[in-house]
Amino acid sequence: MSNRAQAQYLRVYESSTDKLLWQSYYINSTISLNSKSWSYFPFTADGLMSSSASGGNTVSINCPATTAAISALTESLNNQYLVELKVYEFDSRLGNSVPQTSQSLIVNFLGVITSINGSFETLNVNLGSSLSPVGASAPPRKFTTDLIGVPIRL
């Protein structure tokens with residue numbers, strides 16, 4: 001019998017620039033995985049599907065409403081940065097101080113932040129697919145000045 005554990009990794013980025021790298025398993029530690037440094041931040045991801053065709057469903061991230069989280073996630077929403085959520089599974093009896101080389105990637109979700117809400121203590125961040133569920137020709141993204149530039153004003 002094995003003991004299975006899951007570690008979640010949240011990456012917010014634009015092009016090749018990482019805006020946010022969080023992991024929620026290795027408490028109070030910054031760990032290295034795939035040549036990136038992931039800081040500990042307590043969050044949970046709900047709505048992950050076991051199917052590869054999620055049909056446009058959303059994933060929600062719940063985390064504490066700290067000033068840093070509110071600022072980073074609001075900036076990500078306003079600028080439509082891409083959000084990647086990965087979940088790895090591994091045998092927790094083999095060690096819990098660093099990511100194991102034998103861990104298995106069980107979820108890989110790519111999308112954008114579609115909404116943020118919450119309370120004084122908790123943020124609820126909804127992630128939606130960056131591709132249209134109807135067809136891949138027109139992703140349902142908002143046009144922002146970061147995507148198209150500053151408009152000409154007369």
Side-chain angles (χ1 to χ4, degrees), residues 3-34 36-90 92 95-100 103-134 136 138-148 150-151:
N3 295 338
R4 306 307 290 172
Q6 294 180 353
Q8 298 178 345
Y9 296 84
L10 184 70
R11 176 183 177 220
V12 177
Y13 65 99
E14 177 188 33
S15 299
S16 61
T17 305
D18 294 326
K19 303 291 185 175
L20 183 71
L21 294 170
W22 285 347
Q23 56 87 15
S24 66
Y25 185 80
Y26 303 96
I27 298 173
N28 296 328
S29 298
T30 298
I31 53 101
S32 180
L33 180 69
N34 298 333
K36 295 184 183 296
S37 294
W38 301 83
S39 300
Y40 173 75
F41 193 77
F43 71 91
T44 57
D46 297 326
L48 299 173
M49 307 297 284
S50 60
S51 168
S52 61
S54 63
N57 292 332
T58 61
V59 172
S60 63
I61 303 288
N62 296 304
C63 67
T66 63
T67 304
I70 292 169
S71 175
L73 295 172
T74 302
E75 178 185 353
S76 301
L77 171 66
N78 293 338
N79 295 305
Q80 291 290 281
Y81 296 150
L82 290 174
V83 178
E84 181 179 49
L85 176 66
K86 290 187 176 190
V87 179
Y88 288 93
E89 186 176 63
F90 54 92
S92 61
N96 284 310
S97 60
V98 295
Q100 300 170 12
Q103 64 187 357
S104 300
L105 178 66
I106 59 171
V107 174
N108 190 1
F109 180 85
L110 179 65
V112 293
I113 296 175
T114 57
S115 66
I116 299 174
N117 56 46
S119 65
F120 182 71
E121 298 172 339
T122 306
L123 284 180
N124 184 0
V125 179
N126 291 316
L127 307 178
S129 174
S130 60
L131 296 176
S132 170
V134 177
R141 298 183 75 178
K142 286 193 300 186
F143 292 111
T144 65
T145 55
D146 284 347
L147 294 174
I148 61 172
V150 178

### Query
Does any non-hydrogen side-chain atom of L82 lie less than 4.5 Å from one of V112?
yes
### Task
List in chain and number order the residues that pass side-chain hydrogen bond (donor to acceptor under 3.5 Å, both in side chains) with Y25, two or more places apart in sequence or in another chain; answer none if no residue qualifies.
N96
### Any residue meeting side-chain hydrogen bond (donor to acceptor under 3.5 Å, both in side chains) with K36, in chain and number order, not counting sequence neighbours
D18
### Query
Any sub-3.5 Å donor-acceptor pair from S76's side-chain atoms to A72's backbone N or O?
yes
## Note on the structure
Y88 meets the ring pair (Phe, Tyr, Trp, His ring centres under 6.0 Å) criterion, sequence neighbours left out, with Y9
### Query
Counting N and O atoms only, with roles assigned by atom type, does the side chain of W38 sit under 3.5 Å from a partner on the main chain of L33, one being a donor and the other an acceptor?
yes
### Query
Which side-chain hydrogen bond (donor to acceptor under 3.5 Å, both in side chains) pairs, counting each pair once, include a residue from residues 60-75, with sequence neighbours left out?
D46-N62, E75-Y81
### Identified side-chain contact (heavy atoms from CB on, under 4.5 Å) counterpart of I61 within the set I113, L73, L85, T44
L85
## Note on the structure
Sorted by chain and number, sequence neighbours left out, side chain to side chain contact (heavy atoms under 4.5 Å, CB included) with S37 holds for T30
### Summary
d(L21 CG, K19 NZ) to nearest 0.5 Å is 11.5 Å
### Message
Taking atom CG as the centre, does L105 end up with more than 12 heavy-atom neighbours from other residues, nucleotides or ligands that are less than 6.0 angstrom away?
### Response
yes
### Task
Nearest 0.5 Å please: distance from the CG atom of N28 over to the OH atom of Y40.
6.5 Å
#### Entry: Steps toward side-chain contact (heavy atoms from CB on, under 4.5 Å) verdict (F109, E84)
CA-CA 6 Å; F109 180 85; E84 181 179 49; over 6 Å; no
### Query
Excluding sequence neighbours, so at least two apart, what forms side chain to side chain contact (heavy atoms under 4.5 Å, CB included) with E89?
R4, Q6, I106
